[in-house]
Undergrad: 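Sharing a structure below in structure tokens format, with a few things to ask.
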There are 2 protein chains.
Amino acid sequence: MKDILYKYMSRWTSLTEEEQQVIMEQLHIEQFKKGTVLFRQGEVPTRCYFILKGCVRQYSIDEEGRETTSNFYTEEQAIAVFNHHKPERLSDYTFICIEDAVMVVGDLETEQDMYNKHPQLETMTRMMIEENLGQVQEEFAAFIASSPEERFKTLQHRRPLLIDRVPQHQLASYLGITPESLSRIKKRIHQAPR
Amino acid sequence: MKDILYKYMSRWTSLTEEEQQVIMEQLHIEQFKKGTVLFRQGEVPTRCYFILKGCVRQYSIDEEGRETTSNFYTEEQAIAVFNHHKPERLSDYTFICIEDAVMVVGDLETEQDMYNKHPQLETMTRMMIEENLGQVQEEFAAFIASSPEERFKTLQHRRPLLIDRVPQHQLASYLGITPESLSRIKKRIHQAPR
DNA sequence: CTCGTGTCTTAACTTAAGTCAATGCACGTA
DNA sequence: TACGTGCATTGACTTAAGTTAAGACACGAG
């Protein structure tokens, strides 16, 4: 399992084997059962995560009680809430494992210490976040520019496995549509392929 | 003009006056006329920007020739394209000044040098990007969960000045709707306020 | 001044997504 | 086994956004 992480670190840094070893020893890998909540909307997150295996859903419930899924995280994706700007840094979202999962767990308390000890780690983190930001901006731009049907097709193309991995009503909410519409879109696409 | 930047740096770092001075001397502030293109879709960006004054529109043109506005950047916002993951790191977007502008210009070539010389600068950059990522994720989540009309109201609330600052058809494309729909939405809202 | 261009608005019509309601199915439990 | 629950699908109807086309206005160039 750790080799996924090694591969990932090598891709982003020029750390030696030993340096990687040292860092790895301070990391903490944990198993999670399906249904486990990482942290809840309204709580202050104290940890961040990097998924080695499994799937996590991010959602929130608005004032009217409606539930919106804003993301699904899978293998090699990082989960962290950045809300330095919020007065009370409470999370707007709940994160829940919708499959059994294995993750690297980072403690936000000791984050800056780690960076001070291993400056390369801060560079790696910065680059990961930059990449992350780039991807989110790209997804956002694509989302803005497309209709619900196009959004579904894009997802089908970019994350084909996800569609069967998660409940359809959650997928619908992630696409910004109702479950009924998603059902009709799938029907339309199957009837008239191409 | 530079005081905006001082204020900003103080908010994010614990650099001394002198340290700030040193960094500032290496920064480069530039003026731009309305209509200036910072870089074009298909080009490799070599610089990044931080807006002190003015407004920049980010857009792209897809295969079918349709133009989509994916963002408007104004005072105290940073412009940078992160596409480490792309093979050819070409920008998907064009960035154009839609007002006369003043910006801090950063050279991407010397970025890592700067960080090595001033580790605090890397920390500041990381935190800025983290905050940026947090905001984009938040906006994205809100966008997914709302109808075109709600999206317009949210924008009216969060960036009221923007609505009069930019052409309506570009604003419509930024909201993911047609100019006609935007026109109708505004009419609806004015007729039945509240 | 006039013409052309770009921008915003309005109208008539089409289409797709939302809403509400019913059905069928899978699954876990009494 | 029978029942209840949650989920996906389907149908009928409503509504809002897309499409196409036309008109009004501002502005700059010739």
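Residue numbers start from 1 in every chain, and the chains themselves are labelled A, B, ... in the order their sequence lines are given, proteins ahead of strands.
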Undergrad: Can you find a heavy atom in the side chain of B:Phe39 that is under 4.5 Å from one in the side chain of B:Val81?
TA: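 Answer yes - side chains close enough.
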Undergrad: Would you say the side-chain atoms of A:Ser173 and A:Glu67 include a donor-acceptor pair closer than 3.5 Å?
TA: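 Side-chain D/A pair, A:Ser173 to A:Glu67: absent.
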Undergrad: From the options B:Leu182, B:Ile185, B:Thr178, select the one residue that forms a side chain to side chain contact (heavy atoms under 4.5 Å, CB included) with B:Pro148.
TA: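 Of B:Leu182, B:Ile185, B:Thr178, side chain to side chain contact (heavy atoms under 4.5 Å, CB included) with B:Pro148 is met by B:Ile185 alone.
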Undergrad: Does a nitrogen or oxygen in the side chain of A:His169 sit under 4.0 Å from OP1 or OP2 of D:dA8?
TA: yes
Undergrad: Does the side chain of A:Lys187 get closer than 4.0 angstrom to OP1 or OP2 of D:dA8 through an N or O atom?
TA: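 False: A:Lys187 side-chain N/O out of range (4.0 Å or more) of D:dA8 OP1/OP2.
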Undergrad: D:dG18, OP1 or OP2 - any side-chain N/O from B:Thr178 closer than 4.0 Å?
TA: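 B:Thr178 to D:dG18 OP1/OP2: side-chain N or O found under 4.0 Å.
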Undergrad: When the C1' atoms of the five terminal pairs at each end define the local axes, what inter-axis angle does the helix from C:dC1-D:dG30 to C:dA30-D:dT1 show, to 10 degrees?
TA: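 Overall, the helix from C:dC1-D:dG30 to C:dA30-D:dT1 bends by 30° from one end axis to the other.
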Undergrad: How do A:Ile185 and B:Gln168 order along DNA chain C: which one's closest nucleotide is nearer the 5' end?
TA: B:Gln168
Undergrad: With salt bridge (Lys or Arg N to Asp or Glu O under 4.0 Å) as the test, pick out the partner of A:Glu99 among A:Arg57, A:Lys33, A:Lys53, A:Arg165.
TA: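 Result for salt bridge (Lys or Arg N to Asp or Glu O under 4.0 Å) with A:Glu99: A:Arg165.
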Undergrad: Taking only heavy atoms on the protein side, list every residue of residues 142-152 of chain B lying under 4.0 Å from any atom of DNA chain C, sorted numerically.
TA: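 Under 4.0 Å from DNA chain C: no residue of residues 142-152 of chain B.
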Undergrad: Less than 4.5 Å apart, side chain to side chain, heavy atoms only: is that true for A:Phe32 and A:Val105?
TA: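 They are in contact (side-chain heavy atoms under 4.5 Å apart), so the answer is yes.
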Undergrad: Without decimals, in angstroms, what is the distance between B:Lys34 NZ and D:dG28 C1'?
TA: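 B:Lys34 atom NZ is separated from D:dG28 atom C1' by 13 Å.
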Undergrad: How many Å lie between CG on A:Leu182 and C1' on D:dT10, as a whole number?
TA: 14 Å
Undergrad: Quick check for you: name the first and last nucleotides of DNA chain C, 5' to 3', having an atom under 4.0 Å from a heavy atom of chain B.
TA: C:dT7 to C:dA12
Undergrad: Hey, quick one: are A:Phe140 and B:Tyr174 part of the same hydrophobic cluster, counting side-chain heavy atoms closer than 4.5 Å, chains of contacts allowed?
TA: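 They do not share one cluster, since no chain of ILVMFWY contacts under 4.5 Å joins A:Phe140 to B:Tyr174.
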Undergrad: From the list D:dA17, D:dT20, D:dA8, which nucleotide is the closest neighbour of the side chain of B:Arg188?
TA: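 The listed nucleotide nearest to B:Arg188's side chain is D:dA17.
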Undergrad: Measure from CZ on B:Arg184 to P on D:dT20 and round the result to the nearest Å.
TA: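 Whole-Å distance recorded here is 13 Å.
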Undergrad: Please check if A:Phe152 and B:Phe143 belong to a single hydrophobic cluster, counting links between Ile, Leu, Val, Met, Phe, Trp and Tyr side chain heavy atoms closer than 4.5 Å.
TA: no
Undergrad: Just how far, in rounded Å, is C1' of D:dA8 from CG of A:Asp164?
TA: 14 Å
Undergrad: Counting C-beta onward and ignoring hydrogens, is there a side-chain heavy-atom pair between B:Asn71 and B:Tyr93 closer than 4.5 Å?
TA: no
Undergrad: Does a nitrogen or oxygen in the side chain of B:Ser181 sit under 4.0 Å from OP1 or OP2 of D:dA17?
TA: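 It does not, given that no N or O in the side chain of B:Ser181 lies less than 4.0 Å from OP1 or OP2 of D:dA17.
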Undergrad: Would A:Thr125 and A:Tyr115 satisfy side-chain hydrogen bond (donor to acceptor under 3.5 Å, both in side chains), going step by step from the backbone distance to the final call?
TA: CA-CA 9 Å; A:Thr125 305; A:Tyr115 293 151; 3.2 Å; yes
Undergrad: Do B:Phe50 and B:Val22 belong to the same hydrophobic cluster, where Ile, Leu, Val, Met, Phe, Trp and Tyr are linked whenever their side-chain heavy atoms lie under 4.5 Å apart, directly or via other members?
TA: no
Undergrad: Assess the residue pair A:Lys153 and A:Glu149 against the criterion (salt bridge (Lys or Arg N to Asp or Glu O under 4.0 Å)); give the C-alpha distance rounded to whole Å, side-chain angles, the decisive distance to 0.1 Å, and a yes or no.
TA: CA-CA 6 Å; A:Lys153 283 181 181 161; A:Glu149 179 165 340; 3.4 Å; yes
